[in-house]
Protein chains: 2
Amino acid sequence: MSVMAAASEDDRRRAILDAAVAVVVERGYASARVSDIAKRAGTSTGTVHYYFPTKVDVLDAALQHASERSHARHRAELVALSEPREQLLRLIDLQIPDADVADEWSIWLEFWNEARRRDELRARNHEIYTRWVGMIDTIVRNGQRQGQFSLDIDPADFALRFAGLFDGLGLQVLLQPSLENRWRLRAALRGVVERELLT
Amino acid sequence: MSVMAAASEDDRRRAILDAAVAVVVERGYASARVSDIAKRAGTSTGTVHYYFPTKVDVLDAALQHASERSHARHRAELVALSEPREQLLRLIDLQIPDADVADEWSIWLEFWNEARRRDELRARNHEIYTRWVGMIDTIVRNGQRQGQFSLDIDPADFALRFAGLFDGLGLQVLLQPSLENRWRLRAALRGVVERELLT
DNA sequence: AAGAGAGTTGACTGACGCGTCAGATAGTCG
DNA sequence: CGACTATCTGACGCGTCAGTCAACTCTCTT
């Protein structure tokens, strides 16, 4: 295998996954067609099956792909900020459904829906959700350690409620993406931070 | 048309809608088959098409059906309670994903997912969500008028956050329906009521 | 009794899509 | 060069499914 071929293989694989994510966003998980994915990746259905045995394999890998990207983006953005307060506020703005991020929310929604019926995906969802809640939990703990946040609240409890509020309202913002709704989501999340953490 | 026939027609229609809801819960909106619905309703695919021109018509009517049932149930339960505080706490227990209610949550999840791609469903989701938030809003206003709830908070704002928290955490309970998760959901919601409304 | 018409059936049709496969292309190695 | 392998292609087979339709039943009317 040449250097070119190796690079090409990775590119092709990634192109297929990116295409699969786009197709799931556009058509939905259950309505995604292998031919859609192939067309969007600029290849043939045969090649899609060359890299992934079945359609489900492509879609599962695509979800994994999207999840890794999202988490990496969060980490990269947060590591640049030193203050827990800044990190939490940044996390809010990073994840408000808007343009690219709306696509990410769409993937989560499709994922939840599919996970309802498939054990492996439910397990995956649990991991991803735990990681997401854990990220908030860690920020809160850091903030408490640095004396920036109130010690009255339980970090794990706060993290769960913060994540829940984010998901629930974010979902409606995804479906009704008006400026006002985005503003309300932001205000609600910042309000919780102010009321509960910043005494 | 005889009295029997008239009753039979309504029964058939309802049986088809009930079956459609069950199939959407079991297989998902996009994977629901007309033949599944027919079999579950104890009839033929021809009859399903006799009452509903297309599959989409059946499924949309089924969503409507489920939504009306859910709202009627809420109203019926709440009207029996006089105290706004009791009403809000009852609403929590009424809607925690569990047994039958889990099916209802499944329908919402399928519905949100589908609504993402279809304008009419997005509009319907907006109506249903507004009604749900409005129900909470009304309870809070009543509680404030009766001096039972704190006047410091804005009812509309509280209702939105309460509904968002309910949806976000409820979704995860649907996917991981452990006793512990149900308890956490309940505790989180009751906690918000206690902290913010009961001064 | 005969006709009308609502309600019901399930076999059938045509479309669609996943996965396969024979074959093409190009790069690697002996 | 010729054998071998990795990558890629798109037509095809086979199953699936929505919607149609001719035929049937049952009830009501005249």
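In what follows, chains are A, B, ... by sequence order, proteins preceding strands, each numbered from 1. Just so it is clear, the values below take in all heavy atoms, side chains as well, and ignore hydrogens, waters and symmetry mates.
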Taking every non-hydrogen atom, the tightest pair across A/Leu169 and B/Gly164
CD2-CA, 3.7 Å
Counting side-chain heavy atoms from CB outward, which of C/dT8, D/dT9, D/dA18 is closest to B/Val34?
D/dA18
A/Tyr50 OH to C/dG23 C1', straight-line distance once rounded to whole Å:
15 Å
5'-most by nearest nucleotide on DNA chain C - B/Thr47 or A/Pro53:
B/Thr47
Measuring from atom CG of A/Leu91 to atom CD1 of A/Ile96, what distance do you get when rounded to the nearest 0.5 angstrom?
10.5 Å
Under 4.0 angstrom between B/Tyr51 side-chain N/O and C/dT8 OP1 or OP2
yes
With a non-hydrogen cut-off below 4.0 angstrom, is A/Ala38 in contact with a base, only sugar-phosphate, or nothing?
nothing
Gap between atoms CZ and P, on B/Arg33 and D/dC17 respectively (whole Å)
5 Å
Please report, rounded to the nearest Å, how far the P atom of C/dA6 is from the CG atom of B/Asp10.
16 Å
Rounded to whole Å, how long is the line connecting atom CD1 of B/Ile16 with atom P of C/dT8?
8 Å
When you check the phosphate oxygens OP1 and OP2 of D/dC8, does a side-chain N or O of A/Arg12 lie under 4.0 Å from one of them?
yes
Heavy atoms only, 4.0 Å cut-off, all strands: where does B/Thr43 land among base, sugar-phosphate and nothing?
sugar-phosphate
Starting from P on D/dA18, measure out to OH on B/Tyr29 and report it in whole angstrom.
12 Å
Donor-acceptor pair, side chain of B/Ser106 and main chain of B/Ala102, under 3.5 angstrom
yes
Taken to the nearest whole Å, CZ/B/Arg14 to C1'/C/dG7 is 19 Å
Kindly compute the distance separating CG (B/Leu88) from CG (B/Leu81), expressed to the nearest 0.5 Å.
11.0 Å
Length of the NE2-C1' vector between B/His49 and D/dT20, whole Å:
9 Å
Grab the CZ-C1' distance between B/Arg27 and D/dT16 for me, whole Å please.
12 Å
Would A/Asp10 and A/Arg13 pass as an ion pair if we require N to O under 4.0 Å?
no
